[in-house]
2 protein chains.
Amino acid sequence: MKTSSGRAKGRPPRLSKEDIVAAARDIIADEGAEQLTMRRLAREIGCTAMALYHHFQSKDDLLLHVLEDVAARLPHPVLPADPRERLVLVCGLMRQAFVENPWVVPLVARGEMVAPSAVWMTEEIIAALVGCGLSVEQAFDVNQTIWYYTAGQVAAAVRQAGEAGQKPAGPHYLETIVAEQGEQRSAETMPYLSRLAGVWRDLEAGYSYQRGLHHILDGALDPDSHPAR
Amino acid sequence: MKTSSGRAKGRPPRLSKEDIVAAARDIIADEGAEQLTMRRLAREIGCTAMALYHHFQSKDDLLLHVLEDVAARLPHPVLPADPRERLVLVCGLMRQAFVENPWVVPLVARGEMVAPSAVWMTEEIIAALVGCGLSVEQAFDVNQTIWYYTAGQVAAAVRQAGEAGQKPAGPHYLETIVAEQGEQRSAETMPYLSRLAGVWRDLEAGYSYQRGLHHILDGALDPDSHPAR
DNA sequence: ACCTGAACACCGTTCAAGT
DNA sequence: ACCTGAACACCGTTCAAGT
């Protein structure tokens, strides 16, 4: 019942916010966020770029709506009772959501944009941390730590996935550095890195987000690790 | 003795790579990385934008040289003998370097650019982790975890610092959400976040990178946390 | 070899005008 | 109220030409 007062005035809209958001979402999904420009979006919809500004204040405003649209479609499964299991599962869902929507990572990491439909994850994480025996303040702290870790890990994972798409994965920069300054000298100045250079990519591929998360939880849930503040 | 063979041919260069890099570094330091454009840089130096392309393949190539220049100027103090103390100190230096040069965060986090002059930090971290009793493979893993955490934390810290500069720090988005859907309903659907919304910024300001790092180390250096792989 | 001038193919956004 | 057309103020980069 949104027809506020009397009948609608003026020209009836040909474009709806929902349609524009949906079209933007499709372009990002199909061709990546870099391909989403106001002109490109307008071409897809069949209007001029300027018509979009009648529905959204700016491109950022539009992106905020796309973000909320994506967040509203995220899975919200039933969670296990054990708080630590809940924690690992929700963090995994959060990470998965970012991996599948890599364009939101820089926006959300910079803290400029947030989707109301996704805050339940943070609520669950803090609640589960409290369930593990932390105070609310401690839970806030650990939630931050987890978030920073997750954001950084996803950024790196997205990068690797992007690289895998195009090039035949040339030599890692560490190999280049070792090659440039010579193996002899490299082994002296950076013994570990010169050994690891060749297998760096393999080790990277074997990295487990969940294992790292468990390390953080092991350290953060230890009662001794939280002095009175 | 780089004058390879015979005397120099052609027109003597008016611009040097070093001068261009220095000018670019100054612009970024004074006005931020967003202000560095090829045209702006050329104006500063007193040439056309196109002249720059005779010294660098692209803007990215130029940025790579600026990055290396910055990395080469980072402090490299004597480190304590105790491996855990070394770890915390080197990570602090790394974080500090990023906080003081926020423009490198997205570049390095995406893994596209790396400065040879800064790899000693990674070498020290891995060596210290081995000194704490880990295998090289385990040390690699934990180094990744630390790196992800650091990258994410710095990105957030830089954001906050940027916000503090301009606006009088409007309400946090959590407060906005709570206000929009009502305190009553918010307290039901997200009890912890509705309680934390008002003090979120204060808690954020009280977050300690070092404390989070210690949590990670506590968990990761525990012998039980590394099953055979 | 080193640098210039003009141009290409883009951006997000403003603003006056049309229906 | 809704949309168009032209324009503004930018980008990074290419390419032929000058010295």
Side-chain angles (χ1 to χ4, degrees), chain A residues 2-25 27-28 31-67 103 106-107 110 112-113 166, chain B residues 2-25 27-28 31-67 103 106-107 110 112-113 166:
Chain A
K2 215 176 164 215
T3 30
S4 47
S5 60
R7 59 191 165 84
K9 295 167 185 174
R11 196 207 283 215
R14 278 195 1 230
L15 278 45
S16 78
K17 276 172 121 75
E18 288 76 21
D19 291 343
I20 297 173
V21 168
R25 176 164 41 79
I27 291 177
I28 290 175
E31 308 171 35
E34 324 81 58
Q35 296 301 317
L36 182 74
T37 70
M38 299 304 266
R39 287 172 168 87
R40 171 81 179 79
L41 178 57
R43 180 152 45 90
E44 198 72 24
I45 294 177
C47 66
T48 61
M50 310 316 130
L52 301 172
Y53 285 89
H54 204 266
H55 299 268
F56 301 94
Q57 291 186 11
S58 62
K59 187 182 180 183
D60 267 12
D61 184 35
L62 168 63
L63 280 177
L64 204 64
H65 284 79
V66 180
L67 184 65
W103 63 278
L107 296 179
R110 265 162 43 197
E112 291 176 4
M113 298 184 171
Q166 37 196 25
Chain B
K2 214 179 166 211
T3 29
S4 46
S5 61
R7 58 192 164 84
K9 294 169 187 174
R11 197 208 281 218
R14 275 191 10 224
L15 278 45
S16 77
K17 276 172 123 75
E18 289 77 22
D19 290 345
I20 298 173
V21 167
R25 174 164 42 80
I27 292 177
I28 290 174
E31 308 170 35
E34 326 81 58
Q35 296 301 318
L36 182 73
T37 70
M38 299 304 265
R39 288 172 167 87
R40 170 81 180 81
L41 179 56
R43 180 151 46 90
E44 198 72 24
I45 293 177
C47 66
T48 61
M50 310 315 131
L52 301 171
Y53 285 89
H54 203 266
H55 299 267
F56 301 94
Q57 291 186 9
S58 62
K59 188 183 178 181
D60 267 13
D61 184 34
L62 169 64
L63 280 176
L64 204 65
H65 283 80
V66 181
L67 184 66
W103 63 278
L107 297 179
R110 265 162 42 200
E112 292 176 3
M113 298 185 172
Q166 38 197 21

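Here is the naming used below: chain letters follow the sequence lines, and residue numbers restart at 1 for every chain. Source: prediction; values computed, not measured.
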Q: Hey, which sits more toward the 5' end of DNA chain D by its nearest nucleotide, A:Ala51 or B:Arg40?
A: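 Looking at the nearest nucleotide for each, A:Ala51 comes out on the 5' side.
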Q: Any side-chain heavy atom of A:Val66 sitting closer than 4.5 Å to one from A:Trp103?
A: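 Touching, per the 4.5 Å side-chain cut-off.
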Q: Taking OH from B:Tyr53 and C1' from D:dA16, how many angstroms apart are they, rounded to a whole number?
A: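 B:Tyr53 atom OH is separated from D:dA16 atom C1' by 17 Å.
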Q: Stems involving DNA chain C: give each as a range paired with a range, ordered by first number, where a stem means at least three consecutive Watson-Crick or G-U wobble pairs under 3.5 Å.
A: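 In DNA chain C, stems of three or more pairs: C:4-8 with D:12-16, C:12-16 with D:4-8.
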Q: side-chain contact (heavy atoms from CB on, under 4.5 Å) for B:Ile45 and B:Leu52? Distances and angles first, verdict last.
A: CA-CA 10 Å; B:Ile45 293 177; B:Leu52 301 171; 4.1 Å; yes
Q: Report the nucleotide, chosen from C:dT4, D:dC3, D:dC11, that has the shortest atom-to-atom distance to any side-chain atom of B:Arg39.
A: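 The nucleotide sitting nearest to the side chain is D:dC11.
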Q: Any donor-acceptor pair under 3.5 Å linking the side-chain atoms of B:Asp19 with those of B:Ser16?
A: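 Yes, a side-chain donor-acceptor pair sits under 3.5 Å.
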Q: Take the protein atom CG of A:Asp19 and the nucleotide atom P of D:dC2, then report the distance between them rounded to whole Å.
A: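 Atom-to-atom, A:Asp19 to D:dC2, this comes out as 14 Å.
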Q: Taking the side chain as C-beta and beyond, is there a heavy-atom pair between A:Leu62 and A:Leu41 under 4.5 Å?
A: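 Result yes, sub-4.5 Å side-chain heavy-atom pair found.
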Q: Would the distance check show the side chain of B:His54 and the main-chain N or O of B:Met50 forming a donor-acceptor pair, the cut-off being under 3.5 Å?
A: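 Between the backbone of B:Met50 and the side chain of B:His54 there is no qualifying donor-acceptor contact (under 3.5 Å).
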Q: How many whole angstroms separate atom CG of A:Leu63 from atom P of C:dG12?
A: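 The answer, rounded to whole Å, is 10 Å.
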Q: What's the CZ-C1' distance between B:Arg43 and C:dT4, to the nearest Å?
A: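 B:Arg43 atom CZ is separated from C:dT4 atom C1' by 18 Å.
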Q: Establish, with yes or no, whether the OP1 or OP2 oxygen of D:dC11 is under 4.0 angstrom from a side-chain nitrogen or oxygen of B:Thr37.
A: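 Yes, B:Thr37 has a side-chain N/O under 4.0 Å of OP1/OP2 on D:dC11.
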Q: By the 4.0 Å heavy-atom rule, please label B:Met50 as base, sugar-phosphate, or nothing.
A: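 Touches a base.
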Q: Within the pair B:His54 and C:dT4, is there a side-chain N or O less than 4.0 Å away from OP1 or OP2?
A: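 So the side chain of B:His54 is outside the cut-off, no N or O lying under 4.0 Å from OP1 or OP2 of C:dT4.
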Q: Does any non-hydrogen side-chain atom of A:Arg40 lie less than 4.5 Å from one of A:Glu31?
A: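 In short, these two side chains touch, coming nearer than 4.5 Å.
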Q: Rounding to an integer number of Å, can you tell me how far A:Leu15 CG sits from D:dA1 P?
A: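 From A:Leu15 CG to D:dA1 P: 17 Å.
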Q: How many whole angstroms separate atom CZ of A:Phe56 from atom P of C:dG12?
A: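 Between P of C:dG12 and CZ of A:Phe56: 15 Å.
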Q: Let me know the distance between CE of A:Met38 and C1' of D:dT4, rounded to the nearest Å.
A: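 The answer, rounded to whole Å, is 15 Å.
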Q: Begin with the C-alpha distance, continue with both residues' side-chain angles, and end with the deciding distance and a verdict on side-chain contact (heavy atoms from CB on, under 4.5 Å) for B:Leu63 and B:Phe56.
A: CA-CA 10 Å; B:Leu63 280 176; B:Phe56 301 94; over 6 Å; no
Q: Rounded to whole angstrom units, what separation is found between the NZ atom of B:Lys59 and the P atom of D:dT13?
A: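 After rounding, the reported distance stands at 8 Å.
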